[in-house]
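See structure below.
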Number of protein chains: 2
Amino acid sequence: MAARDYGQFGGISRALELVGERWALLIVRDLLVGPRRYSELAAGLPRIPSNILATRLKELQAAGVLRRAPYSRVIVYELTPYGRELEPVVLALGAWGFKALGDPRDEQVITPDSITMDLRTAFRPEVAAALPATAYGARLGDEGLLIRVDGERLDVSRGEGPADLAFATGPGILRLMSGDLSPERAIATGVVDVLSGRSDLLVRFANTFHLAA
Amino acid sequence: MAARDYGQFGGISRALELVGERWALLIVRDLLVGPRRYSELAAGLPRIPSNILATRLKELQAAGVLRRAPYSRVIVYELTPYGRELEPVVLALGAWGFKALGDPRDEQVITPDSITMDLRTAFRPEVAAALPATAYGARLGDEGLLIRVDGERLDVSRGEGPADLAFATGPGILRLMSGDLSPERAIATGVVDVLSGRSDLLVRFANTFHLAA
DNA sequence: CCGCATCCCATGTGATACTG
DNA sequence: CAGTATCACATGGGATGCGG
């Protein structure tokens, strides 16, 4: 478990020793959305081997980034205050990587937690502030996401709820946010499948969540 | 060389595919200071094996983060505009890791490039703005660093120059910046060895460059 | 089931040596 | 100087097992 070190004494090398191992920041990303159980983390990171997940959780715990907490009989992993301070790092990384998104490959998935952080990354409060409060219901496979925008506030939660626009979508939704795909074409090509509500609100969605290359 | 992928389609996973491999962000960190030759990068990362350095440089080039540029007969590596956009990521990581710096171990070194980025991370422009322009000369082993603060501007360059305070130091200088070590104790314990100039300016230095846990 | 631990193999990494 | 080549070893990936 000895964190592999870089032989340097500095802030960046120290940070990379603590959270620079493979998968570590993806675990942090999901925990930034909320506390998660072991199996929830595993579900959100479909390709992580179980031994690696277990190892990372122990390392991140030793690093003071997260803690195991017994919540009413079940164990959940949650970020410590210090771990939550990684949010600017994760958002900055997300914004940077967002600009290099190519086309989604077939085996690539998006999970509720990953898209939640992508929404936070791409959220433009200054745009949203000028728009009326809006609730979007996004269906990803069999998971529902309720995205509520009210002024400069953004709230993303799992599950269903009353929405001004409800749609089913997949990885392609990110291409709508990056501007690669117009709202009309997203609907026409089936990347976004409007389930109910005002489909014209998809334009507002694309304006509210936008990060250009 | 196929970047190992995480099987997810999202900004953070994409970023980690491009710059998440071991050593990659440390190379970026040093290149954020300025273009560097292969041997300069190797010197700044004493523990990186040469084959890993060569591999990472190729990967980062393929990722559009840096480019090989022939500058008057010699080859230098420099960040592309897209690579330079990693600066917020590196600074955020540095600020976070800075708070988890323990005591420097004997084998740990600080390099001119690493401390330059640490100085940028810890620089407090709002504090500096209220202070008179000051030049510090820092000697790290056999390398000199000239740190000039003028209002909200910070300029760190290698080499010598006129300084209001010149001192020799080592890894412990970061503990002065984190507040773990007072300026008086830094001088008393030899962590900072004043070579010339007004030693009282070390207090100003510690105030100008400060990042608390 | 959930939360891991074990096993095995492929790949990445590290140290040293070597070359155009 | 700017990298390759080689090889031993550590780590990651995937399947499977297993106790609570």
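Per chain, numbering begins at 1; letters A, B, ... match sequence-line order.
A donor-acceptor pair is defined here as one N or O able to donate and one able to accept, closer than 3.5 Å; such a pair exists between the side chain of A:Asp118 and the backbone of B:Gly11.
Annotation: cation-pi geometry satisfied between A:Arg22 and B:Tyr6 (NZ/CZ under 6.0 angstrom from ring centroid, within 45° of ring axis).
Taking every side-chain heavy atom of B:Arg68 into account, D:dA2 is the closest of D:dA2, C:dG3, C:dA5. Listed candidates were C:dT13, D:dT4, D:dG14. Nearest to the side chain of A:Pro49 is D:dG14.
One finds no side-chain N or O of B:Ser39 lying less than 4.0 angstrom from the OP1 or OP2 phosphate oxygen of D:dC1. Side-chain N/O atoms of B:Arg37 include one lying less than 4.0 angstrom from OP1 or OP2 on D:dA2. The shortest distance between the side-chain N/O atoms of A:Arg56 and the OP1/OP2 oxygens of D:dG12 is below 4.0 Å. Contact check, B:Arg4 against D:dG13: a side-chain N or O comes under 4.0 Å of OP1 or OP2. At the phosphate of D:dT4, OP1 or OP2 sits under 4.0 Å from a side-chain N or O atom of B:Lys58.
In this entry the distance linking CD of B:Glu21 with P of D:dT11 reads 15 Å, nearest Å. Per the geometry, CD belonging to B:Glu17 stands 15 Å off C1' belonging to D:dG12, to the nearest Å. Between the CD atom of B:Gln61 and the P atom of D:dA2 there is a distance of 15 Å, given to the nearest Å. Distance B:Asp5 CG to D:dG14 C1': 15 Å, rounded to the nearest Å. The distance from atom CZ of B:Arg22 to atom P of D:dA10 is 14 Å, rounded to the nearest whole Å. Between A:Leu45 atom CG and D:dG14 atom C1' there is a gap of 15 Å when expressed in whole angstrom units. Between the C1' atom of D:dG13 and the OH atom of B:Tyr6 lies a distance of 13 Å, rounded to the nearest Å. Whole-Å rounding puts the B:Arg47 CZ to C:dT13 C1' distance at 12 Å.
Contact annotation: side chain of B:Asn51 to base of D:dG3, donor-acceptor pair absent below 3.5 Å. For C:dA5, its base sits under 3.5 Å from the side chain of A:Ser50 at one donor and acceptor pair at least.
Annotation: side chain of B:Ile52 is in contact with side chain of B:Trp23 (closest heavy-atom distance under 4.5 Å).
Toward the 5′ end of DNA chain D lies the nearest nucleotide of B:Tyr77, the other residue of the pair B:Tyr77 and A:Trp23 mapping further downstream.
A donor and an acceptor atom, one from each side chain of A:Gln61 and A:Arg56, are nowhere located under 3.5 Å apart. Side-chain atoms of B:Gln108 and A:Arg14 include no donor-acceptor pair closer than 3.5 Å.
Note on A:Ile75: only backbone sugar-phosphate atoms sit closer than 4.0 angstrom, heavy atoms only; bases stay farther off.
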